[in-house]
Amino acid sequence: MPTSPTTLAADAQPAPFVFDARHTALIVIDMQRDFIEPGGFGSSLGNDVTLLSGIVPTVAALLRHARASDWFVVHTRESHAADLSDCPPAKRLRGAPGLRIGDPGPMGRILIRGEPGNAIVDAVAPMPGELVIDKPGKGAFYDTSLDRALRERDIRYLVFAGVTTEVCVQTSMREANDRGYDALLVEDATASYFPEFRDATLAMIRSQGGIVGWTAPLAALMAAA
Ligand code: TIU
């Protein structure tokens, strides 16, 4: 693979992921207490949240790599305004009464911006200078300033991590693909309440010659040369 001093190739599927560190961003999706700790939105939907916490050390290692490589770093949080003006009734009413978005829970109002449950878990918390995007949808681009922020910085390559693989991560990656970014999902830095959905999503992304993008383990990304 021909490379310039800033062009790297990572061993990925379905083919090497060729990217330029100067034009790369890491997008960490929704590593918030709402999904990862008991008492938040994830558990209100009936999920076993312990299935997600296992990736926290890998996401932390990925963040260290991105920061050391001078990538632009973005964190997202799925969240709604306190008055729920950005939460379509169709989304809110999908939940069980008493456990809906905006209802009081053990970590504050469920999925509401600024509540304790909406905070990103400490081990992967944003650092000064990193962009935090509050998103009302599953996708990181829907009704947010993310695309503009990336284009202003001439970002063309996106590395994705976070939760959950088949919901917010996959939606965001598909949105990125349609917007013309080359996107890679880090296989061991994403998790689902349904491990079989995680595996199926990884297979879907890289099928048909990379119809949505690329996947690779963190070790392959860190070994890119
Ligand atoms: N329920 C589920 O799997 N995920 C979400 O509701 N949001 C995200 O994926 N962040």
Side-chain angles (χ1 to χ4, degrees), residues 26-56 58-59 62-63 74-81 84 86-96 98-103 105 107-121 123-126 131-144 146 158-177 183 185-202 204-205 212-213 215:
L26 171 64
I27 315 278
V28 183
I29 301 288
D30 299 0
M31 291 293 290
Q32 58 203 70
R33 299 180 68 202
D34 288 305
F35 295 108
I36 294 173
E37 295 183 8
F41 184 59
S43 55
S44 84
L45 296 172
N47 296 305
D48 173 6
V49 296
T50 62
L51 285 160
L52 303 195
S53 51
I55 64 162
V56 170
T58 310
V59 176
L62 173 59
L63 272 164
V74 181
H75 306 256
T76 69
R77 296 182 290 220
E78 184 175 350
S79 63
H80 294 279
L84 297 174
D86 59 359
C87 184
K91 182 176 183 184
R92 181 161 192 268
L93 296 175
R94 209 83 53 82
L99 296 171
R100 289 180 172 146
I101 295 169
D103 289 346
M107 293 195 294
R109 291 181 66 203
I110 292 172
L111 226 59
I112 298 298
R113 230 159 274 153
E115 295 287 331
N118 211 221
I120 293 174
V121 299
V124 294
L131 181 65
V132 179
I133 293 280
D134 284 306
K135 61 184 186 58
K138 302 303 182 194
F141 291 86
Y142 170 70
D143 205 12
T144 72
L146 177 59
L158 301 181
V159 174
F160 278 93
V163 298
T164 61
T165 316
E166 80 281 12
V167 184
C168 292
V169 176
Q170 178 171 213
T171 303
S172 301
M173 205 164 159
R174 288 177 182 273
E175 288 180 322
N177 186 46
L185 177 54
V186 183
E187 295 163 6
D188 43 351
T190 186
S192 169
Y193 301 118
F194 307 90
E196 68 275 24
F197 288 176
R198 186 201 80 108
D199 294 345
T201 300
L202 292 168
M204 281 180 223
I205 284 167
V212 177
T215 77

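First listed ligand is number 1; within each ligand, the first listed atom is number 1. Quick note: numbers below take in every heavy atom, side chains included, and nothing from hydrogens, waters or symmetry partners.
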Assess whether a salt bridge exists between E166 and R198, defined as any Lys/Arg side-chain N lying under 4.0 Å from an Asp/Glu carboxylate O. no

Report the distance from atom SG of C87 to atom CG of L111, rounding to the nearest 0.5 Å. 8.0 Å

The test is side-chain contact (heavy atoms from CB on, under 4.5 Å); show your working for L185 and T165 and say whether it passes. CA-CA 9 Å; L185 177 54; T165 316; 4.0 Å; yes

With a 4.0 Å cut-off, would you call D30 and K135 a salt bridge? yes

What residues form a side-chain hydrogen bond (donor to acceptor under 3.5 Å, both in side chains) with S172, not counting sequence neighbours? none

Give a table of atom pairs where an N or O of ligand 1 lies under 3.5 Å from a protein N or O.
residue  : atom   : partner : partner atom : Å
ligand 1 : 3 (O)  : T164    : OG1          : 2.8
ligand 1 : 4 (N)  : T164    : OG1          : 3.3
ligand 1 : 6 (O)  : K138    : NZ           : 2.9
ligand 1 : 7 (N)  : E78     : OE1          : 2.8
ligand 1 : 9 (O)  : T164    : N            : 3.0
ligand 1 : 9 (O)  : T164    : OG1          : 3.1
ligand 1 : 9 (O)  : C168    : N            : 3.1
ligand 1 : 10 (N) : D30     : OD2          : 2.7
ligand 1 : 10 (N) : V163    : O            : 3.2

Whether the R113 and S79 side chains hold a donor-acceptor pair (N or O, under 3.5 Å, no angle test) is what I'd like checked. yes

